[in-house]
Amino acid sequence: MDLQCKFPKDFWWGAAASAPQTEGAADLDRKGKNIWDYWYENEPNRFFNNVGPSVTSNFYHTYKEDIQLMKALNFNSYRTSISWSRLIPGGKGTVNAKAANFYNNVINELIAKGIEPFINLYHFDMPLEMQAIGGWESKEVVKAYVNYARTCFQLFGDRVKRWTTFNEPIVPAEGGYLYNFHYPDIVDFKKAIQVAYNTMVASAKAIKEFRKLNIEGGKIGIVLSLSPTYPRSHNPADIKAASIADLMINRSFLDPSVKGCYPEELIKLLKEYNHLPDYNVDELEEIKNNTIDYLGVNYYQPRRAKAKACLPNLEAPFMPDYFFDNYEMPGRKMNPYRGWEIYEKGIYDIMINIKENYDNIESFVSENGMGVENEERFLKDDFIQDDYRIKFIKDHLRWLNKAIEEGCNAKGYHLWTFMDNWSWLNAYKNRYGLVSVDIETQKRTIKKSGYWYKELIKNNGF
Ligand code: BGP
């Protein structure tokens with residue numbers, strides 16, 4: 001068959017999801033509470049249409065049928081996460097046998113269907129008791145996380161060969177400590193920096209444990225949300241603004257994860273404003289010695305920056321935006337439901353950057369996708385005809401393909417997501433799945449994009 005876009009042999013095709021967004025069963029079989037369960041109990045009004053995390057897409061009960069459906073769509077890989085508060089209620093102490101049993105079943109079922117499990121350890125879901133002692137602000141919590149990570153490697157490492165320590169560690173820092181979309185919902189730049197730094201320490205320490213266990217064929221990485229940063233113009237002031245945004249938002253996680261150290265310019269900047277976190281040389285040494293084997297790239301939107309128009313209010317809380325204004329490029333293409341710009345070439349720019357500046361480390365697109373509100377509008381012949389999603393995926397894949405042709409070491413593409421799932425404060429507002437989920441009946445129906453994705457995988461291109 002003549003294809004426009006052909007991918008390398010053994011390319012990873014599949015989708016990504018997370019435990020708190022799919023499993024439901026939030027208070028079943030001894031699962032402890034996490035910050036989302038707690039926040040919803042206390043402020044349900046913060047969640048779109050008051051839909052909380054207790055049921056989500058019911059994967060805890062339907063994993064067998066769901067995995068069968070993944071197989072029907074030809075997936076060869078699938079990422080999800082382990083819920084820390086399910087596996088070790090309270091965050092430390094003994095393993096919940098029922099949870100271990102559940103994750104064993106999911107992993108075994110995936111493998112039996114020829115789908116490689118990619119398992120992530122932390123996807124925004126801090127156990128409540130751990131948050132009570134400071135969450136990622138606390139080194140105690142780092143210690144508990146490392147124990148949890150070791151437990152996961154010991155329990156599942158005989159079968160799971162692809163691990164990641166964190167999904168988008170920047171998000172709990174900015175959502176929980178700057179911009180009010182994660183619990184603990186506070187505004188404090190210094191704490192945000194501490195949280196960001198502590199998660200990097202936690203990631204390095206988990207990698208160290210992983211290496212000690214010498215898991216045959218095992219690789220460990222991290223999933224980062226990367227937003228290539230573009231200046232409004234070539235004016236030096238705009239270029240400077242964009243480069244600071246890039247330092248704060250991308251390089252603050254990318255450099256320590258891949259290179260084992262923080263960019264000098266970032267350290268200098270934080271020092272100048274008296275915002276360096278509490279750190280010590282042993283931790284920096286651990287970051288240096290325990291870098292990742294491979295990188296997951298979540299790409300949704302670019303960032304455009306310009307020099308600040310006005311001086312910041314010195315009495316307002318300090319924010320990264322102290323150094324730049326976000327720039328709305330005229331004529332930009334938008335996903336209006338999510339409010340995110342769609343810029344397909346961004347995926348290529350990220351990959352070229354990784355090739356040129358990060359030693360062409362093995363990577364893959366670990367999330368990319370399009371959330372659309374009110375998808376029932378597109379129901380025809382009893383399934384959703386989401387041509388816009390097919391176009392979105394194709395347009396991104398073309399750029400990914402070009403990057404690969406130019407020598408980038410990208411090994412796969414995981415869509416966000418397999419079936420519609422619960423999106424934090426947005427709950428079920430925007431749907432991202434290849435498969436729709438009726439949240440009243442839990443009925444699954446393959447969308448047009450699902451059928452298209454199935455062919456894409458079969459042909460290893462389109
Ligand atoms: C990523 C997260 C996912 C997922 C996705 C879509 O940042 O890793 O958990 O939710 O974004 O974004 P949202 O759910 O906010 O629409």
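Please read these numbers as outputs of a predicted model, since none were measured by experiment. The residues of the chain are indexed from 1 along the displayed sequence. Order of listing sets the numbers, starting from 1, for every ligand and every atom in it.
Nearest protein heavy-atom contact of atom 12 (O) of ligand 1 is Tyr432 OH, 3.4 Å. When hydrogens are left out, the protein atom nearest atom 7 (O) of ligand 1 is Glu168 OE1, 2.5 Å; that is the closest non-hydrogen contact. Atom 14 (O) of ligand 1 has its closest protein heavy atom at Ser423 OG, 2.7 Å. Given atom 1 (C) of ligand 1, the protein heavy atom at minimum distance is Glu367 OE1, 3.1 Å.
Checking Phe7, Phe118, Phe11 one by one against Phe364, the ring pair (Phe, Tyr, Trp, His ring centres under 6.0 Å) holds for a single residue, Phe118.
Near Tyr300, meaning under 4.0 Å from any of its heavy atoms, are these atoms of ligand 1: 1 (C), 5 (C), 6 (C), 11 (O). For ligand 1 and Gln21, the ligand atoms under 4.0 Å from any heavy atom of the residue are 3 (C), 4 (C), 9 (O), 10 (O). Using a 4.0 Å cut-off to heavy atoms of Arg338, the atoms of ligand 1 that qualify are 13 (P), 15 (O), 16 (O). Atoms of ligand 1 found under 4.0 Å from any heavy atom of Asn167 (numbered from 1 in listed order, with element): 8 (O).
Taking the ring centre of Tyr230 as origin, the terminal cationic atom of Arg303 falls outside the region bounded by 6.0 Å and 45° from the ring axis. For the pair Lys429 and Tyr337, the cation does not sit on the ring face, since its NZ or CZ is not both under 6.0 Å from the ring centre and inside 45° of the axis.
Every residue was checked against the salt bridge (Lys or Arg N to Asp or Glu O under 4.0 Å) condition with Arg338, not counting sequence neighbours, and none meets it.
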Please step through side chain to side chain contact (heavy atoms under 4.5 Å, CB included) for the pair Tyr78 and Ile119, ending with a clear verdict.
-> CA-CA 8 Å; Tyr78 178 67; Ile119 299 294; over 6 Å; no

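The closest approach between any non-hydrogen atom of His123 and ligand 1 is below 4.0 Å.
Contacts with ligand 1 closer than 4.0 Å are made by side-chain heavy atoms of Trp340 only, the backbone lying farther away. Contact annotation: for Asn430 versus ligand 1, there are no heavy atoms closer than 4.0 Å.
Trp39 and Trp36 have tilted rings, their planes meeting at an angle from 30° to 60° on a 0 to 90° scale.
Aromatic pair Phe166/Tyr145: ring centres closer than 6.0 Å.
For the residue pair Asp66/Thr62, the side-chain donor-acceptor check at 3.5 Å is satisfied.
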